[in-house]
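Structure first, commentary second.
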Amino acid sequence: MVSLIYGGYRYINYKNSINYKLKEIGYTEEEITIITDKLNSNNVNILLDKEYNDQIALIVQEKYFIENKLDVYVNYRNENKDYTLKEVVSIVNANANKEFYTDIKETDTSKENLMLVNKFNYLEKDFEFDDLVPISLKYAYSGHRIREEVLENFIDMWHAANKIDLTLIVNSSHRDYDFQEELYTGYTNTHGKAEADSFSARPGHSEHQTGLALDLSAYGSSIDDFGVTEEYIWIKDNAHLYGFILRYPENKTNITGYEFEPWHYRYVGKDVAKKIYDLDITFDEYYELFIK
């Protein structure tokens, strides 16, 4: 009798268990193991009120999965079947699942070299660091300024490239709000707003206003040709050693909002630049994962 009662308790407890309930919904033993290992109990309980979804166990195994974004991943995946799960996670992590230039927030400038300026984060019109310094004509065309720390590290990178007969030159550096507004207006008048948005930042949304971004080319060559130069081949795998990242990489438009720009380098400091390079992610993703 005692053993029957004990067995009854065990059966009742099993039927009340998370594993049993997930199995009843349709999850396999393997999926249940993954889900209960990756999600906290609150999120597991939320799943109990929903229909079986064969994407859940796959999503939570993605390298850069963020638990509180689970529903957003699932919804975005349902609406964008052509994206891989890796792409879905990357896009959502960068908040790029929303339409660009919507849900805009003011940039947290207290992050200094790690501030995020993009199509969802803007700088006030009068924002400018007070340590901008001119860039010598040895390293740039005339009239350029950048943050002092950025310049020091760019000069180190310039000399490293120069030692192997590569010539880097700054084409664009700090641009204030008014300059960017004039530039963007010219592009929209010529190309239309939609096309202009694919390659030019709206005023307040340009990294160049931070004094942390440089557009580079090979000396004597057009910026548009930089992606096929020996200088680019070298810098894309060495910039991180000097604190710079390729800000708008190839095939990342759905995250950054910009077409591939082999010439645009952003200073974030050596430690963070190495991490971004090693992880092979965009700064937008890194900010959400490790800074925000």
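Sequence positions, counted from 1, serve as the residue numbers for this chain.
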Run the numbers on Glu62 and Lys86 for salt bridge (charged side-chain N to carboxylate O under 4.0 Å, His left out), then give the verdict. CA-CA 7 Å; Glu62 284 295 320; Lys86 180 180 179 181; over 6 Å; no

Would you say Lys111 has more than 12 foreign heavy atoms packed within less than 6.0 Å of its NZ? yes

In this structure, NZ of Lys38 is separated from CZ of Phe65 (nearest 0.5 Å) by 9.0 Å

Glu31 versus Gly26, closest heavy-atom pair with distance: OE1-O, 4.3 Å

Atom pair OH (Tyr83) and CG (Asn97), whose distance is rounded to the nearest 0.5 Å: 10.5 Å

List the atom of Ile255, the atom of Thr282, and the distance in Å for their closest heavy-atom pair. CG2-OG1, 3.5 Å

For atom NZ of Lys69, is the number of surrounding heavy atoms from other residues, nucleotides or ligands below 6.0 Å larger than 12? yes

Before giving the answer on salt bridge (charged side-chain N to carboxylate O under 4.0 Å, His left out), spell out for Asp176 and Arg145 the whole-Å C-alpha distance, their side-chain angles and the decisive distance to 0.1 Å. CA-CA 11 Å; Asp176 64 22; Arg145 299 188 304 159; over 6 Å; no

On the six-membered ring of Tyr286, is Lys275 placed so that its NZ or CZ lies under 6.0 angstrom from the centre and within 45° of the ring axis? no

Check whether any side-chain heavy atom of Arg147 lies under 4.5 Å from a side-chain heavy atom of Glu112, and answer yes or no. yes

Does one hydrophobic cluster hold both Tyr287 and Leu123, with members joined at side-chain heavy-atom distances below 4.5 Å? no

Does Arg202 make a cation-pi contact with Tyr101, if we ask for NZ or CZ under 6.0 Å from the ring centre and within 45° of the axis? yes

Under a 4.5 Å cut-off applied to non-hydrogen side-chain atoms, are Asn113 and Glu149 in contact? yes

Are any non-hydrogen side-chain atoms of Phe129 and His174 less than 4.5 angstrom apart? no

For the CG atom on Asp103, are there more than 12 heavy atoms of other groups (residues, nucleotides or ligands in this structure) within a distance under 6.0 Å? yes

Under-4.0 Å salt bridge between Glu29 and Lys23: yes

Validation row, ring centre Tyr52 to ring centre Tyr27 under 6.0 Å: yes

Does the gap between the ring centers of Tyr267 and Tyr242 come in under 6.0 Å? no

Ring-face cation of Lys119 near Tyr258 (centre distance under 6.0 Å, axis angle within 45°): yes

Distance flag, aromatic centroids of Phe199 and His191, threshold under 6.0 Å: yes

Does a donor on one side chain and an acceptor on the other come within less than 3.5 Å for Ser90 and Glu285? yes

Group every Ile, Leu, Val, Met, Phe, Trp and Tyr by side-chain heavy-atom contacts under 4.5 Å, then state whether Tyr141 and Ile235 land in the same group. no

Here's a test for you: under side-chain contact (heavy atoms from CB on, under 4.5 Å), which of Ile135, Asp131, Leu214 qualifies with Leu151? Ile135

Kindly give the heavy-atom pair with the smallest separation between Met115 and Phe283, and that separation in Å. O-CE2, 3.4 Å

Minimum heavy-atom distance between Asn171 and Leu216, given as atom pair plus value: ND2-C, 4.0 Å

Begin from the C-alpha positions of Glu67 and Asn43 and carry the test side chain to side chain donor-acceptor pair (under 3.5 Å) through to its verdict. CA-CA 8 Å; Glu67 188 167 354; Asn43 282 324; 2.8 Å; yes

Using a 4.5 Å cut-off on heavy atoms from C-beta on, say whether the side chain of Glu250 contacts that of Glu259. no

Could you pull out the closest heavy-atom pair between Thr229 and Ser221, with the gap in Å? CG2-OG, 4.5 Å

Should we say atom CD of Gln61 is surrounded by more than 12 heavy atoms from elsewhere, each under 6.0 Å from it? yes

Are Phe244 and Leu212 joined in one hydrophobic group, where the rule is that I, L, V, M, F, W and Y side chains link up if heavy atoms are under 4.5 Å apart? yes

Work out which heavy atom in Tyr277 is nearest to a heavy atom in Lys236; give both atom names and the distance. CE1-O, 3.6 Å

